Visitor: 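I have a structure here, written as structure tokens, and I will follow up with some questions on it.
What you are looking at is a predicted structure, and each value in this text was computed from that prediction instead of being measured. No hydrogens, no waters, no symmetry mates; every other heavy atom, side chains included, goes into these values. Each residue takes its place number in the sequence, starting with 1.
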Amino acid sequence: QPKLFPAPLHAVRLTDGPFLHAQEMDRRWLLSMDPDRFLSGFRSEAGLETSVPRYGGWENSGASGHAFGHYLSALSMMYASTGDRALLDKIDYCVDALDECQRTEGTGLLAGFERSRELFAELERGDIRSQGFDLNGGWVPFYTLHKEFAGLVDICRYTPNRKALSVLIRFTDWLDDLVAKLSDEQMAWILVCEHGGMTEALADVYALTGERKYLDLAQRFDHRTFLRPLAIGQDSLPGHHGNM
């Protein structure tokens with residue numbers, strides 16, 4: 001019986017037409033962006049000196065690192081779609097910078113928003129406070145981290161950069177150590193605050209490595225408040241924010 005598989009991005013090239021034009025506009029826009037402005041918050045939080053201003057919007061208002069994760073994903077998929085070496089150069093630069101931040105900071109955490117170390121230290125101690133769109137005074141920190149995890153996963157999927165997997169594993173091991181100290185009830189309280197696709201991203205780490213502990217970690221982020229009613233046919237979604 002025939003089987004169908006999606007064609008990988010690197011196996012497809014667009015020919016002349018509006019889709020190629022749109023792709024080219026996107027490629028140029030990605031190349032125009034300055035990685036150092038995305039990396040500024042990560043460097044300062046890791047204790048490295050930086051004089052480059054962060055980008056504006058959410059990158060400068062409590063969710064620093066969020067757009068950077070999307071940027072890494074976009075660079076990776078555009079590289080796979082075009083083979084443009086300039087895109088890979090930016091990816092390699094970003095991964096080297098994140099590796100330096102991890103080695104300087106010493107734990108594997110990658111976070112670009114202010115007070116990140118203090119916030120996660122509080123959670124690790126079991127000091128958990130949330131009103132839904134904040135967690136211990138931080139604005140959706142796990143939602144922000146999810147974009148970073150997803151960006152690193154996409155680098156591993158779509159590019160020849162091999163250092164990204166080491167960075168991703170250190171990042172995931174840091175998180176595994178943090179939540180290992182927490183009960184299921186404490187995890188449920190953390191998940192009251194919007195947390196993006198953490199379950200998916202951590203399952204992707206399992207798929208990349210084959211390490212069962214990462215699948216177990218992914219399941220710690222299952223949002224049971226929603227999933228348990230849904231699993232027995234009860235609609236638990238009305239009145240909740242769509243991202244949740």
Side-chain angles (χ1 to χ4, degrees), residues 35-36 38-50 54 58-60 62-73 93-130 134-156 163-182 186-187 190-191 193-206 208-209 211 213-214 216-218 220-221:
D36 287 319
F38 284 120
L39 290 162
S40 182
F42 290 92
R43 286 170 168 149
S44 62
E45 284 295 300
L48 295 167
E49 291 188 8
T50 177
R54 307 180 193 206
W58 286 8
E59 285 297 297
N60 199 27
S64 182
H66 158 274
F68 178 57
H70 287 307
Y71 174 66
L72 294 179
S73 291
Y93 180 83
C94 290
V95 172
D96 286 346
L98 293 175
D99 178 68
E100 182 185 18
C101 288
Q102 282 184 325
R103 294 183 184 281
T104 301
E105 197 276 336
T107 69
L109 170 60
L110 292 170
F113 52 89
E114 295 179 352
R115 255 198 95 250
S116 59
R117 271 70 192 164
E118 293 87 344
L119 186 154
F120 290 115
E122 291 170 357
L123 299 183
E124 191 170 21
R125 294 196 301 268
D127 176 9
I128 302 165
R129 308 180 303 276
S130 179
D134 72 277
L135 184 61
N136 287 50
W139 183 31
V140 294
F142 281 107
Y143 177 87
T144 298
L145 291 194
H146 162 244
K147 309 305 174 282
E148 299 167 23
F149 274 104
L152 287 166
V153 165
D154 285 336
I155 293 173
C156 295
K163 187 183 289 186
L165 183 60
S166 298
V167 172
L168 177 61
I169 288 173
R170 286 198 296 267
F171 194 12
T172 312
D173 285 343
W174 160 80
L175 180 60
D176 194 30
D177 289 343
L178 186 152
V179 303
K181 301 176 176 68
L182 302 176
Q186 288 171 317
M187 284 299 299
I190 284 176
L191 299 181
C193 182
E194 186 182 354
H195 51 277
M198 286 297 301
T199 304
E200 178 192 32
L202 295 169
D204 285 337
V205 177
Y206 164 67
L208 287 168
T209 64
E211 291 285 343
K213 67 177 183 178
Y214 298 133
D216 294 338
L217 175 60
R220 295 299 309 275
F221 282 84

Visitor: Rounded to the nearest 0.5 Å, how far does CD1 of Ile155 lie from CG of Leu168?
Guide: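 If I round to the nearest 0.5 Å, the distance is 9.5 Å.
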Visitor: Is it the case that the ring center of Phe142 lies less than 6.0 angstrom away from the ring center of Phe120?
Guide: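 Yes, close enough.
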Visitor: In Å and rounded to the nearest 0.5 Å, what is the OG1 to CG distance from Thr199 to Leu191?
Guide: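 Answer rounded to 0.5 Å: 7.5 Å.
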Visitor: Under 3.5 Å, is there a donor-acceptor pair between the side chain of Ser44 and the main chain of Gly41?
Guide: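 Judged by distance alone, yes, a pair lies under 3.5 Å.
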Visitor: Show the nearest heavy-atom pair for residues Met198 and Leu145, with the distance to one decimal.
Guide: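 Heavy atoms only, the tightest pair is SD-C, 4.4 Å.
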Visitor: Whether the side chain of Glu114 engages the backbone of Gly62 through a donor-acceptor N/O pair (distance < 3.5 Å, no angle test) should be reported.
Guide: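 No, because the side chain of Glu114 does not come within donor-acceptor range (under 3.5 Å) of the backbone of Gly62.
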Visitor: Count the heavy atoms of every other residue, nucleotide or ligand shown that sit under 6.0 Å from CD of Glu124, and state whether that count exceeds 12.
Guide: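 Yes.
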Visitor: Under a 4.5 Å cut-off applied to non-hydrogen side-chain atoms, are Leu202 and Thr172 in contact?
Guide: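 In contact.
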Visitor: Specify the closest pair of heavy atoms between His146 and Ala201, including all atoms of both residues, with the distance to one decimal.
Guide: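 Reported closest heavy-atom pair: CD2-CB, 3.7 Å.
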Visitor: Supply the atom-to-atom distance Cys94 SG to Lys163 NZ, rounded to the nearest 0.5 angstrom.
Guide: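 That separation rounds to 12.5 Å.
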Visitor: Answer yes or no: is there a donor N or O on one side and an acceptor on the other, between the side chain of Gln102 and the main chain of Leu109, under 3.5 Å?
Guide: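 No; judged by distance alone, with no hydrogens or angles, the pair does not exist.
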Visitor: Would you name the heavy atoms of Asn60 and Arg54 that are closest together and state the gap between them?
Guide: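 Taking Asn60 first and Arg54 second, the nearest heavy atoms are OD1-CD, 3.9 Å.
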Visitor: Taking the side chain as every heavy atom from C-beta outward, state whether Glu45 and Arg117 have any pair of such atoms under 4.5 Å apart.
Guide: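 SC-SC contact between Glu45 and Arg117 confirmed.
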Visitor: A side-chain contact here means heavy atoms from C-beta on lying under 4.5 Å apart; do Tyr214 and Ile169 qualify?
Guide: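 They are in contact (side-chain heavy atoms under 4.5 Å apart), so the answer is yes.
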Visitor: Salt bridge check: are Arg170 and Glu105 linked by an N-O gap of less than 4.0 Å?
Guide: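 Result for this pair is no, no salt bridge flagged.
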Visitor: If you look at every heavy atom in Leu182 and Leu123, which pair is closest and at what distance?
Guide: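 The answer is CD2-O, 3.2 Å.
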Visitor: Side-chain contact test, heavy atoms from C-beta onward, threshold under 4.5 Å: evaluate it for Leu110 versus Phe68 and give yes or no.
Guide: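 No. Closest side-chain heavy atoms not under 4.5 Å.
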Visitor: Please verify the inter-ring angle class for Trp139 with Trp58; under 30° counts as parallel, over 60° as perpendicular, anything in between as tilted.
Guide: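 Ring orientation of Trp139 relative to Trp58: perpendicular.
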Visitor: Less than 4.5 Å apart, any side-chain heavy atom of Phe171 and any of Val205?
Guide: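 Contact flag for Phe171/Val205 side chains = no.
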Visitor: With rounding to the nearest 0.5 angstrom, report the CZ to CG distance, Phe113 to Leu119.
Guide: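 Here the interatomic distance stands at 6.0 Å.
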Visitor: Take Leu48 and Cys101 through the test side chain to side chain contact (heavy atoms under 4.5 Å, CB included) and record every step on the way to the result.
Guide: CA-CA 7 Å; Leu48 295 167; Cys101 288; 4.1 Å; yes
Visitor: Roughly how far, to the nearest 0.5 Å, is OG of Ser64 from CG of Leu39?
Guide: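 Interatomic distance, Leu39 CG to Ser64 OG, rounded to 0.5 Å: 9.5 Å.
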Visitor: Under the salt bridge (Lys or Arg N to Asp or Glu O under 4.0 Å) rule, what pairs show up with a residue in residues 139-150, not counting sequence neighbours?
Guide: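 Every pair satisfying salt bridge (Lys or Arg N to Asp or Glu O under 4.0 Å) with a residue in residues 139-150: there are none.
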Visitor: Just so I know, are the side chains of Leu152 and Leu98 near enough to count as touching, which here means a heavy-atom distance under 4.5 Å?
Guide: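 Heavy-atom side-chain distance check passes, below 4.5 Å.
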Visitor: Considering residues at least two apart in sequence or located in another chain, which fulfil the side-chain hydrogen bond (donor to acceptor under 3.5 Å, both in side chains) criterion with Asp36?
Guide: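 Asp36 satisfies side-chain hydrogen bond (donor to acceptor under 3.5 Å, both in side chains) with Arg43, Tyr93 only.
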Visitor: Of all heavy-atom pairs between Phe38 and Phe42, which one has the smallest distance, and what is that distance?
Guide: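 That would be O-CD1, 3.6 Å.
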Visitor: How about Lys181 and Gln186: do any of their side-chain heavy atoms sit closer than 4.5 Å?
Guide: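 No, side chains not in contact.
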Visitor: Drop me the distance from Cys193's SG to Asn136's CG, to the nearest 0.5 angstrom.
Guide: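 Answer rounded to 0.5 Å: 9.0 Å.
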Visitor: With a 4.5 Å heavy-atom cut-off, do Trp174 and Leu178 have their side chains touching?
Guide: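 Heavy-atom side-chain distance check passes, below 4.5 Å.
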Visitor: Provide the closest heavy-atom pair for Thr104 versus Ala46 in the form atom of the first, atom of the second, distance.
Guide: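 Heavy-atom minimum between the residues: CG2-O, 3.4 Å.
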Visitor: Could you check whether Asp99 pairs with Arg103 (Lys NZ or Arg NE/NH1/NH2 to Asp/Glu carboxylate O, under 4.0 Å)?
Guide: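 Arg103 and Asp99: salt-bridged.
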Visitor: Please determine whether a side-chain nitrogen of the Lys or Arg among Lys213 and Asp173 lies less than 4.0 Å from a carboxylate oxygen of the Asp or Glu.
Guide: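 Salt bridge present between Lys213 and Asp173.
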